[in-house]
Amino acid sequence: MKTLTRTVSIISSLVIAGGLLAGCGSKETPTNAAGGEKKDEGKKYTFRLADTHPADYPTVIGDKKFADLVNERTKGRIKIDVFPASQLGEEKAVLEQVQLGAIEFTRVSSGPLAEFNKNYGVFSLPYVFDNDQHLWKFLESEPANKLLDSLESSKMKGLAYYSSGARNFYSRKPLTSLADVKGQKIRVIQNKINIDLMSALGANATPMAYGEVFSSLQTGVIDAAENNYPSYQSSNHFEVAKNLILDGHQRVPEVLLISQAAWNKLSEDDRKIIKQAALDSVKTQRESWDKYEKEAEDKVRAAGVKITEVKDVKPWQDAVKPVIDKYRAEYKEVLEQIDAARKK
Ligand code: GTR
């Protein structure tokens, strides 16, 4: 049995390595048979876009809209196949593949992205946005657009932001107050700010891939996790962690991005089409988000989850202040820009 497992894993490593060498991610077909292809207009591409969420989830609805717009605007020349449900791997692994150019596109949370580009850490800082309106005022500003471009230093290029609501804690154990968070073993998206955040709350952070959270909650490897309503519901975490507290500690936007390697191959015109299609897909994603978020909340309530509203968020903000203090200097400029967006 062991030998068989090892053989299978050797074979799959060879397949992956072979794929990488062959540039497996994209199929590129020059259609200009005459050979005089100075322009890229004749090139056909088939790209892959990875998303961790299921096919009906708002981010995937956004991804598909983006792919459709690109397909339409290039008259079928650029095809983007969307792979939902972590079919191409968990977010961290996908980002590594994107850096290599083996996967061309992904929609990913700013949470894991922070491990690849520290600018994105600002979105993991607690309570920097008052509400979704404040977040979007910032996301639609020039500094946020520059953040997308700053991904170039990490071999990627950000195209657009998508909605992701607010993150709240949920647990197998009673969770109706700030004091209850203390001592709980809580899964976090892997990045150092999340680990500091849990320490500030007196909890134990367990970084873990999203796909492992359900079984870890079910078996008690962890007590708790945190996420927005749509993820809490679509991942079925609500079935095994039935105590939810609406503390709204973070607003961590989603990012639609392209591998720098793929971007470099594209003509200037194709780049424009791709960037614009990404921006144009935001409306669809945000509408889908608003609808899905309400439905997710209804389903979770109907399932009998014990939900605690947090009337006064101040004690929570005070508790996590050491995290802000620790990172204030590092994120000084962008924190000021976020503050400025509030007044717009
Ligand atoms: C969700 C996010 C996912 C993933 C997940 C997680 O809100 O949309 O991309 O990062 O959180 O907690 O891992």
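Counting convention: from 1, in listed order, for ligands and their atoms alike. For clarity, every value in this text was computed on a predicted model and none was experimentally measured.
- Residues Ser231 and Asn228 have side chains that bring a donor and an acceptor to within less than 3.5 angstrom of each other.
- Atoms of ligand 1 lying under 4.0 Å from at least one heavy atom of Thr52, given by number and element, are 3 (C), 9 (O).
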Can Ser171 and Asn243 be said to form a side chain to side chain donor-acceptor pair (under 3.5 Å), step by step? CA-CA 5 Å; Ser171 180; Asn243 301 284; 5.4 Å; no
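- The closest approach between a heavy atom of Val108 and any atom of ligand 1 is not below 4.0 Å.
- Considering both main-chain and side-chain atoms, Arg167 comes within under 3.5 Å of ligand 1 through a nitrogen or oxygen pair.
- Contact annotation: for Val213 versus ligand 1, there are no heavy atoms closer than 4.0 Å.
- Using a 3.5 Å distance cut-off with no hydrogens or angles, the side chains of Trp136 and Ser163 do pair a donor with an acceptor.
- Residue contact check: Ser231 has heavy atoms under 4.0 Å from atoms 1 (C), 7 (O) of ligand 1.
- The closest approach between Gly111 and ligand 1 stays at or above 4.0 Å for every heavy atom of the residue.
- A side-chain donor-acceptor contact under 3.5 Å links Asp280 and Gln276.
- Taking atom 7 (O) of ligand 1 as the reference point, the nearest protein heavy-atom neighbour is Asn227 OD1, 2.7 Å.
- Only side-chain heavy atoms of Asn228 come within less than 4.0 Å of ligand 1; its backbone N, CA, C and O stay farther off.
- Taking the six-membered ring for Trp and thresholds of 30 and 60 degrees, His53 and Tyr57 have nearly parallel ring planes, at less than 30 degrees apart.
- For ligand 1, the polar-atom distance check against Glu254 finds a nitrogen or oxygen pair separated by under 3.5 Å.
- Only the side chain of Arg187 comes within 4.0 Å of ligand 1, counting heavy atoms alone; its backbone N, CA, C and O stay farther away.
- At a cut-off of 3.5 Å, with distance as the only test, no side-chain donor of Asp180 or Gln184 sits close to an acceptor on the other residue.
- Residues forming a ring pair (Phe, Tyr, Trp, His ring centres under 6.0 Å) with Phe129 (at least two apart in sequence, or on another chain): His134.
- Every N/O-N/O distance between Tyr57 and ligand 1 stays at or above 3.5 Å.
- Closest to atom 4 (C) of ligand 1 among all protein heavy atoms lies Glu91 OE1, 3.3 Å.
- The ring pair (Phe, Tyr, Trp, His ring centres under 6.0 Å) pairs that include a residue from residues 303-344 number zero, where partners must be two or more places apart or lie in different chains.
- Side-chain atoms of Tyr170 and His237 form a donor-acceptor pair, as typed in the model, at a separation below 3.5 Å.
- Residue Ile189 has at least one heavy-atom neighbour below 4.0 Å for each of these atoms of ligand 1: 6 (C), 10 (O), 12 (O), 13 (O).
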